[in-house]
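Notes follow once the structure below has been shown.
We're numbering straight along the sequence, starting at 1. A quick note: this is a predicted structure, and the numbers were derived from the prediction, not measured.
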Amino acid sequence: MPELPSPITVVGIGADGWPGLSTAGRTALRAAEVVVGGPRQLDLLPRDEVAAERVPWPSPLRPAVPGLFAAHADRRVAVLASGDPMFYGIGRTLAETVGAGRLRVLPHPSSVSHACARLGWPLESTEVVSLVGRPLDTLALAVNPGRRLLVLSADAATPAAVAALLTARGYGAARLRVLEQLGGPAERQLDGTADGWPHPPGDPLNIIAVDLGDGPRSSLVPGLPDAAYESDGQLTKRHVRAATLAALAPSPGELLWDVGGGSGSIAVEWLRAHRDCQAVSIERDPVRAERIARNAAALGVPRLRVVTGPAPAALAELPTPDAVFIGGGLTATGLLDSCWAALRPGGRLVANTVTLESEALLTEWYRRHGGELVKLAVAHAVPVGGFTGWRQAMPVTQWSAVKPNTPQENAS
């Protein structure tokens, strides 16, 4: 049998450097023949204690990881990581690329643990948002009155960018505290409010504590106000949207195809359901596709992937969905067939329409595959002279079905 590659020891290290390491961490680093890490972490190791070859991370990092460790498969390798390697750290990447079974992880207290200790905040009720390798607009989803946030900074410029975002969203009075070099000899704290943030960029190793206080609220459940979206009229309206998301039933980690994205509202609210949800919005109109991306950023889910092109052709290279929503183009040749075929067994398909032609198509699919066929009718109270009456919106026919786990014969 071929010899298994050597295990990789992942050692968490803080701003306190070598003195702050556990005995196990020091022993692993002394025994290593190769130490891999960022330049900042590698510079924390004393030469007289760690004689190993020092290898900085290549860029881009993730695609280079398998080859890097394959090149040192017969040597004792240690990896240096900031704080807790498995909390927004390199540990996840290593587990996904070389396998969790090959790792021995020795964590150090994370910057979040240090920050909560300094602030007196309970860790379990403090929301953490990472802006490391993520768009600034990711923060927007966590912004609500009275919340306390810890924001993991990408660099020294992040605090000012966070202050500007909060001010633009009506939270100018929010209190910001920037904690730099936590646990190290150069630790310091900067204090201020978002609308008058007075501090120039400081140390790139920082975490931002945010006391939001009062400000505009945003619901986390489906059915945001229509005014929350930039739109040219191609928008699944609020009450129908809430019913549609209920039928789609998002669950953490699942992928949605939003076919005929329009303004992107279904995909946006799918992503807002949980931070691990994924979505692709497919829209043939380039102007609308750009608008979808803007709506996603404004509502805190800039991770939405937008594909510009006609369906079903644009669906060909997409990953297998757990749920599919078809909001337009139902009569396009092969669209329903392509979506149903692509859907994983046990996945959900939901299609909405307001036209008789598409309704006839959905009725046929309901006859063949079962599921649920409903008509959604919404009326709004409006002035009628000096009185009040009902204005009926166009009724929406909705078909929803779960794809069976085994092949299902069509009804005759």
With the side chain counted from C-beta on, respond yes when [X] and [Y] share a heavy-atom pair under 4.5 Å apart, and no when they do not.
X	Y	result
Thr193	Leu176	no
Val162	Pro159	no
Thr167	Trp197	no
Trp257	Leu349	no
Leu256	Ile266	yes

Does either side chain, that of [X] or that of [Y], offer a donor lying less than 3.5 Å from an acceptor on the other one?
X	Y	answer
Gln398	Thr244	yes
Arg238	Ser265	no
Gln234	Ser263	no

For Asp214, I'd like to know if atom CG has over 12 heavy atoms of other residues, nucleotides or ligands within 6.0 Å.
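No, because the 6.0 Å sphere around CG of Asp214 holds 12 heavy atoms or fewer from other groups.
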Check whether more than 12 heavy atoms from other residues, nucleotides or ligands sit under 6.0 Å from atom CZ of Arg284, and answer yes or no.
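Check fails, neighbour count at 12 or below.
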Go through Gln181 and Asp203 one step at a time and tell me if the side-chain hydrogen bond (donor to acceptor under 3.5 Å, both in side chains) criterion holds.
CA-CA 7 Å; Gln181 290 283 334; Asp203 195 290; 3.1 Å; yes
Going by an N to O cut-off under 4.0 Å, is there a salt bridge joining Glu283 and Arg291?
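Arg291 and Glu283: not salt-bridged.
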